[in-house]
Amino acid sequence: MQLELRLSGSGGQGLITAGIILAEAALADGKNAVQTQSYGPEARGGASKAEVIISDEIIDFPKVTRPNLILALTQDAAAKYVDASNSDAMVIVDESVELSPETGLKKLFRVPIIDTARHEIGREIVANIVALGLIVGLTQIVSQENLEATVIKRLPRGTEDLNRMALQAGYDLAKQI
Amino acid sequence: MIKFLQGNEACVEGALMAGMRFYSGYPITPSTEIAELSAERLPKVGGKFIQMEDEISGIAAAIGASLTGKKAMTATSGPGFSLKQENIGYAALAEVPLVIVNVQRGGPSTGLPTSPGQGDVMQARWGTHGDHPIICLTPDSVTETFYLTIRAFNLAEKYRVPVILLTDEITGHMREKIDIPDPSEIEIYNRKRPETGDVYHPYGVEPGEIVPRMADFGSGFRYHVTGLMHDETGFPSNSTENARKLMDRLMAKTVTYRDDIIDYEALYTEDADWLILAYGGMSRSARAAVKVLRQKGHSVGLFRPISLWPFPEEALSALAGKVKGILVTELNYGQIKLEVERIACGRCPVEFLGRGNGEVITPEMLIETFEEVAK
Amino acid sequence: MNHPLAESYFRMDKLPHIWCPGCSHGIIMASIARAIDRLGLDKDNVCIVSGIGCSSRAPGYMDFNTLHTTHGRALAFATGVKLANPKLEVIVISGDGDLSAIGGNHLIHAARRNIGLTTICFNNNIYGMTGGQYSPTTPTGDKATTAPYGNIDKPFDITKLAIGAGATYAAKVTAFHVTQMDKYIESAIAHKGFSLVEAIAVCPTYYGRKNRKGSAVEMMTWLKDHYIDFKVAEKLPPEKREGKELMGEFINVDAPEYTALYDALIDRLKD
């Protein structure tokens, strides 16, 4: 089975880090993973994306062509990266994002990701980690155990508690869906 | 040790394991991570990193460092590769071991700085003026980037030829799992140096050899290095007979030792009546397409040159005599296709799918084209 | 009988050199050898690097580790040699065109880094090897094969350029003032950090003939009559300074040297 994920938002929201964490957690689970990202001015604001392929098999073509899961944290990112051609894809957007009801997306979720980071955790910067908790809570694409271990390994020392809270907040959001 | 790295990062890991102790270069997308990681890692192993004032000095300083005995590398992309050409020729003529990485991007001129391309393959072969030997290797994964970087250093040291590691934005920037081996598992080749006390002719060769021994500057062999045609002593010579001897010897390097240098992958080619030929990042797409096409009942194989220069001519020629056709796919307007046509020499049709707009050709596009041309 | 200095420091089988009769380059090259001799440097640890041009042929005659590179790039190659092996005493020989036109960027950045290279500029105000085209130091109004109606460019003052870019030692001297040249080149090599000696040379064949400057002797006499030390000039009344060119040791200061800083970084990272 092969899963293709596209994580998008604005530059600086930590989505490339989130993509790397997800891929590394998949490796820890014994799967294969490839991560790619958009380069250029997007890395400094504007719409930015990271893409991850997770598979039990060897991954030949490294680019995402038909995402099974799309995350968009901003309106700009949703406009640019939500691909409505695959109506079966799971699409998770921040509650601040408005999508036309005509997209035909069957699995569209609007979730207060940024608001949760800002008000429940108190730091908007952890919105990417809240989103990871939410995605993994909804899909179990990687184990929660390896997700948490990778988050702690990849992120700066001293932020462990903050990031654990963010992950838990994401899992809680998933349960409410 | 399992790591999750970008191709550009794997290149530096490979270079360090090969013994790189000097890096000089100039920042340019999409190769910059190679400079950044070298800057971080080299001083920790007693090596040197310097960000030079431009691309030309980036390669020039690396050549200077190599002459003192250090294994040296520089990395760049499109525009920088053009600027480095003159000194690539210098390294070829003066026989200075050197690794030049070109992470290819899209288009001529400034083009598409953050998108992949494969438009530099002919420049890698013929970019500098005058005939010259060159070795060019092209990896298709993060792991292969690691191993080919080591191989690039080994070949540069062994044959005293500049080696171009020609990657692209696809393999340079994607992250993949890589199992970095213990250094004891890696074979490292170091340049042959003259014995103390020898009468040293820096460009003289032992009987039966074509690669001269190389003394480090500062090791007691005071000799002359020049980009002019020179004789065995290293001093300039205008003699046409001498120039012929020198050029013959230089050009023989990649011919005489081609079996040691040439590398390729042939996947499902034994029974194949069609071939898809791809290299570097594009072979990822081709590999996926070949697998799908075989499931659909096509007897198709993948031929992937790993050494682009010298090109795996004999292996491809043998296959070209057996198959019904070859579909070449590359991110340019048909540069390697010309080479494939030359080798196929009319024995089978050579079809083509290429582009130069910064987009990767997907397996789906390739499958569609294949089914059209291989009817 | 050969001079003992020549026997010690030159590749006798490569001489005589290719330079024209009356050319100053041999004078400057010999001055470099004398400086190395007085400093007692081990020949095996001296590396002489050059670019392309008349002056850049000098290393071929000199019995050291010698590197004749591409046009303009001597300082860039030399930077690699020096950083890779700081024990080497690296001396760059470069002409005015090589150093300040095609290689100008490397000059300012080598000076900025204060890397321990000694640059000796053989400045004859012309591209000699290619037959007399104007260079960045050809005076305005002078003729060259590519300035048949007189040069409209303004010339560089290479010494000032190096000082402006951060050179910690810089001196200007002429091929006539050999005693001072010997002293400046010796000081420049001994200096820790980037040093430059601009040696004004005469090219009777191209520059001289094109601009009716007379014989080599007359051109050398002109250097003698027109160049004065800037410290002497400061004490002269204005009328006596008129028409004079200034030479001398313009800067000699201590500052951290680049390869030493890098070695200190390596040591720091060992902890």
Side-chain angles (χ1 to χ4, degrees), chain A residues 2 4-7 11 15-44 46-67 83 85-86 142 146-147 149-151 153-155, chain B residues 2-9 29-33 77 103 105-106 110-116 140-143 168-179 267 276 278 280-293 302 304 329 358-367:
Chain A
Q2 181 156 312
E4 299 191 1
L5 294 91
R6 176 178 292 162
L7 312 179
L15 291 157
I16 289 165
T17 305
I20 295 170
I21 288 170
L22 208 51
E24 288 196 324
L27 292 188
D29 283 349
K31 292 178 180 166
N32 281 311
V34 178
Q35 181 268 337
T36 56
Q37 65 212 50
S38 63
Y39 273 83
E42 291 94 337
R44 324 273 183 278
S48 148
K49 68 166 173 174
E51 295 183 329
V52 182
I53 301 177
I54 297 173
S55 177
D56 297 320
E57 313 286 320
I58 289 166
I59 300 162
D60 288 323
F61 187 60
K63 303 269 181 185
V64 166
T65 47
R66 207 173 151 78
D83 174 6
S85 68
N86 180 6
V142 299
N146 280 327
L147 178 66
T150 311
V151 165
K153 191 183 79 181
R154 268 277 171 181
L155 295 176
Chain B
I2 303 282
K3 289 194 168 194
F4 189 62
L5 297 181
Q6 285 190 316
N8 284 349
E9 294 168 328
T29 304
S31 75
T32 304
E33 294 83 2
S77 183
V103 186
R105 62 195 226 183
T110 308
L112 292 158
T114 59
S115 302
D140 81 335
S141 69
V142 170
T143 297
D168 47 55
E169 195 276 337
I170 305 170
T171 46
H173 274 163
M174 70 182 186
R175 286 185 175 83
E176 277 187 315
K177 182 170 88 169
I178 172 171
D179 188 359
L267 180 71
I276 293 181
M282 258 311 293
S283 48
R284 301 293 291 252
S285 190
R287 190 187 305 276
V290 163
K291 287 179 182 171
V292 173
L293 286 165
L302 170 72
R304 176 171 75 94
T329 182
E359 246 183 319
V360 182
I361 296 168
T362 63
E364 289 71 28
M365 297 174 192
L366 204 45
I367 290 163

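Just so you know, these numbers come straight off a predicted model, no measurement behind them. All chains are named by letter (A, B, ...) in the order of the sequence lines, taking the proteins before the strands, and each is independently numbered beginning at 1.
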Could you look at Ile53(A) and say if it's the side chain, the backbone, both or neither that has a heavy atom under 4.5 Å from chain B?
neither

For a 4.5 angstrom cut-off between non-hydrogen side-chain atoms, does Thr36(A) reach His173(B)?
no

What part of Ile361(B) gets closer than 4.5 Å to chain A, counting heavy atoms only: side chain, backbone, both or neither?
backbone

By residue number, those in residues 58-67 of chain A with heavy atoms under 4.5 Å from heavy atoms of chain B are Ile59(A), Asp60(A), Phe61(A), Pro62(A), Lys63(A), Thr65(A)

Which heavy atom of Glu24(A) sits nearest a heavy atom of Phe4(B), and at what distance?
OE2-CB, 3.3 Å

Interatomic distance, CD@Gln37(A) vs CE@Met174(B), rounded to 0.5 Å, equals 12.5 Å

